[in-house]
Amino acid sequence: MSAPKFRRPPGVAKPKAVEIPIVLTPEEIEAARSWVLYEDETIIVLNKPAGLSSQGGRIKAHTLDDLLWAFARPNRPRPRLVHRLDRDTSGVILTAKTKPAAAFLGKALEAKRFRKAYLAITAGAPEPKGGMIDSPLRRESIGREAYMRVCAPDHPDAETARSRYRTLAHNAGAALVELSPDTGRMHQLRVHMASIGRPLVGDSRYGGALMLGGVAAPRLMLHAASLTFPHPLGGERKITAPLPSDFRTMLAALDLPAPEQPRPATVDQDERGASA
């Protein structure tokens with residue numbers, strides 16, 4: 001006998017999938033809350049671990065977007081992701097706790113009012129040691145995988161892409177570089193660095209070394225170190241995230257100095273910002 005069918009009352013809309021709460025384990029809730037770098041009434045800034053997808057994906061495991069249910073409150077929407085990081089990239093990621101904050105930050109992101117700084121490890125230093133990479137990118141699909149490729153400006157699928165880089169430390173075999181994207185294309189920093197012959201260590205998709213100095217790369221060596229953005233309540237915030245242990249261990253193995261660690265939940269703001 002088939003199960004009885006239940007009908008929704010007239011006028012009651014079917015809930016969207018994103019509005020249906022996801023049941024998390026106590027361990028997942030504890031982990032998500034441990035990643036908080038900064039929180040106020042409008043935003044939560046998290047330090048995403050490597051290996052966690054921001055959203056979607058084909059891996060049947062909870063994404064960061066799912067884990068935001070750890071911050072849900074009765075009769076209030078759960079926080080929303082404002083931007084994404086690649087699955088194997090660690091570091092600062094911003095969420096909005098209210099719809100007005102999400103709308104404000106979404107418009108600020110589109111207007112290029114966000115400033116992002118990443119740290120990465122490469123096999124050898126770029127030459128020159130710093131500069132701008134201004135190379136359009138296009139998307140290419142191979143099977144079920146999507147890749148980005150450098151292309152000519154007049155290519156029909158070309159998207160403007162600009163990345164700044166500077167070498168912070170280097171030796172004969174490796175370098176620590178700071179990367180700052182002026183645009184926000186998928187895999188932009190990874191593809192741009194590969195295009196100048198310095199793919200990121202651990203980046204198998206774009207030709208990065210999987211072993212360097214006799215040490216295996218634990219993952220893509222890319223960390224979102226800081227994010228500067230206009231705050232929904234006024235002023236500007238700069239949130240920094242400390243280097244994860246795997247990144248620091250790799251630097252030590254390559255005899256590269258680690259940048260000075262920021263204090264936990266380091267927040268800088270301009271004079272218009274309210275106290276954190």
Side-chain angles (χ1 to χ4, degrees), residues 83-86 88-93 108-140 147-155 157-210 212-213 217 219-229 236 238-241 243 247-248 250-251 254-262 268:
H83 62 112
R84 300 182 186 185
L85 293 175
D86 290 346
D88 288 329
T89 301
S90 57
V92 180
I93 193 165
L109 183 64
E110 288 183 5
K112 298 180 172 55
R113 297 176 63 194
F114 281 40
R115 299 193 302 278
K116 304 173 184 178
Y118 293 74
L119 294 174
I121 301 175
T122 61
E127 201 53 57
K129 299 296 190 296
M132 166 79 82
I133 304 171
D134 187 356
S135 300
L137 301 176
R138 65 176 178 85
R139 185 186 295 258
E140 176 182 287
Y147 294 77
M148 297 299 281
R149 307 294 191 197
V150 170
C151 65
D154 60 353
H155 191 283
D157 299 325
E159 296 180 309
T160 301
R162 294 183 302 274
S163 304
R164 302 177 189 274
Y165 72 94
R166 66 186 182 109
T167 302
L168 302 180
H170 68 96
N171 53 36
L176 172 67
V177 296
E178 181 183 74
L179 307 173
S180 301
D182 281 1
T183 54
R185 308 304 178 193
M186 183 180 84
H187 301 170
Q188 176 179 312
L189 297 175
R190 299 162 61 182
V191 178
H192 271 172
M193 291 305 292
S195 75
I196 63 170
R198 290 293 180 263
L200 306 189
V201 170
D203 191 357
S204 58
R205 179 173 294 230
Y206 296 110
L210 301 184
L212 193 61
R219 46 103 171 181
L220 171 68
M221 291 287 97
L222 183 62
H223 175 67
S226 71
L227 177 66
T228 304
F229 58 94
E236 188 174 79
K238 179 181 180 181
I239 313 291
T240 58
L243 278 177
F247 204 111
R248 293 179 63 84
M250 190 77 186
L251 287 175
L254 297 172
D255 197 26
L256 289 170
E260 182 179 348
Q261 288 283 89
D268 294 331

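These numbers come from a predicted model, not from an experiment.
Taking every heavy atom of both residues into account, V92 and I239 meet most closely at CG2-O, 3.8 Å. Smallest separation of non-hydrogen atoms from V150 and S195: CG2-CB, 3.7 Å. Taking every heavy atom of both residues into account, M148 and V191 meet most closely at O-CG2, 3.5 Å. Summarising the geometry of A258 relative to R248, their closest heavy-atom pair is CB-NH1, 3.7 Å, with the distance given to 0.1 Å. Heavy-atom minimum distance, A158 versus A152: CB-O, 3.6 Å. Taking every heavy atom of both residues into account, A123 and V201 meet most closely at N-CG2, 3.9 Å.
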Carefully, step by step, assess L200 and I121 under the rule side-chain contact (heavy atoms from CB on, under 4.5 Å).
CA-CA 6 Å; L200 306 189; I121 301 175; over 6 Å; no

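The shortest side-chain heavy-atom distance between I133 and M193 falls under the 4.5 Å cut-off. Two residues are said to be in side-chain contact when any heavy atoms from C-beta on lie closer than 4.5 Å; P259 and L251 meet this criterion. Contact check for D157 versus C151: no side-chain heavy atoms found under the 4.5 Å cut-off. Looking at heavy atoms from C-beta onward, Y165 lies in side-chain contact with P128 at the 4.5 angstrom threshold. Residues I93 and H83 have side chains in contact (heavy-atom distance under 4.5 Å, counting atoms from C-beta outward).
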Between side-chain atoms of residues 167-175 and protein atoms elsewhere (two or more places apart, or another chain), which donor-acceptor pairs fall under 3.5 Å?
residue	atom	partner	partner atom	Å
T167	OG1	K129	O	2.8
N171	OD1	G173	N	3.0
N171	OD1	A174	N	2.9
N171	ND2	L254	O	2.9
N171	ND2	D255	O	3.4

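Evaluation of the salt bridge (charged side-chain N to carboxylate O under 4.0 Å, His left out) rule for R115 yields E236 as partners, not counting sequence neighbours. By the side chain to side chain donor-acceptor pair (under 3.5 Å) test, Q188 is found to be paired with S163, T183, residues two or more places apart in sequence or in another chain being considered.
Between F114 and F229, the ring-plane angle classifies as tilted under the 30° and 60° cut-offs.
Sorted by first and then second residue, the pairs that involve residues 130-139 and meet salt bridge (Lys or Arg N to Asp or Glu O under 4.0 Å), not counting sequence neighbours, are R138-E140. Within the structure, salt bridge (Lys or Arg N to Asp or Glu O under 4.0 Å) pairs that include any residue of residues 187-198 comprise D86-R190, R190-D203 (at least two apart or interchain). Sorted by first then second residue, the ring pair (Phe, Tyr, Trp, His ring centres under 6.0 Å) pairs that include residues 184-207, not counting sequence neighbours, are H187-Y206.
The CG atom of L222 sits 4.0 Å away from atom OG1 of T89, with the distance rounded to the nearest 0.5 Å. Put simply, OH on Y147 and CG on L137 are 15.5 Å apart, with the number rounded to the nearest 0.5 Å. Note that the OG1 atom of T228 and the CZ atom of R113 stand 12.5 Å from one another [nearest 0.5 Å]. Considering OG of S135 and CD of E159, their distance stands at 14.0 Å, rounded to 0.5 Å.
Atom CZ of R164 sits in a sparse spot, with 12 or fewer heavy atoms from other residues, nucleotides or ligands closer than 6.0 Å.
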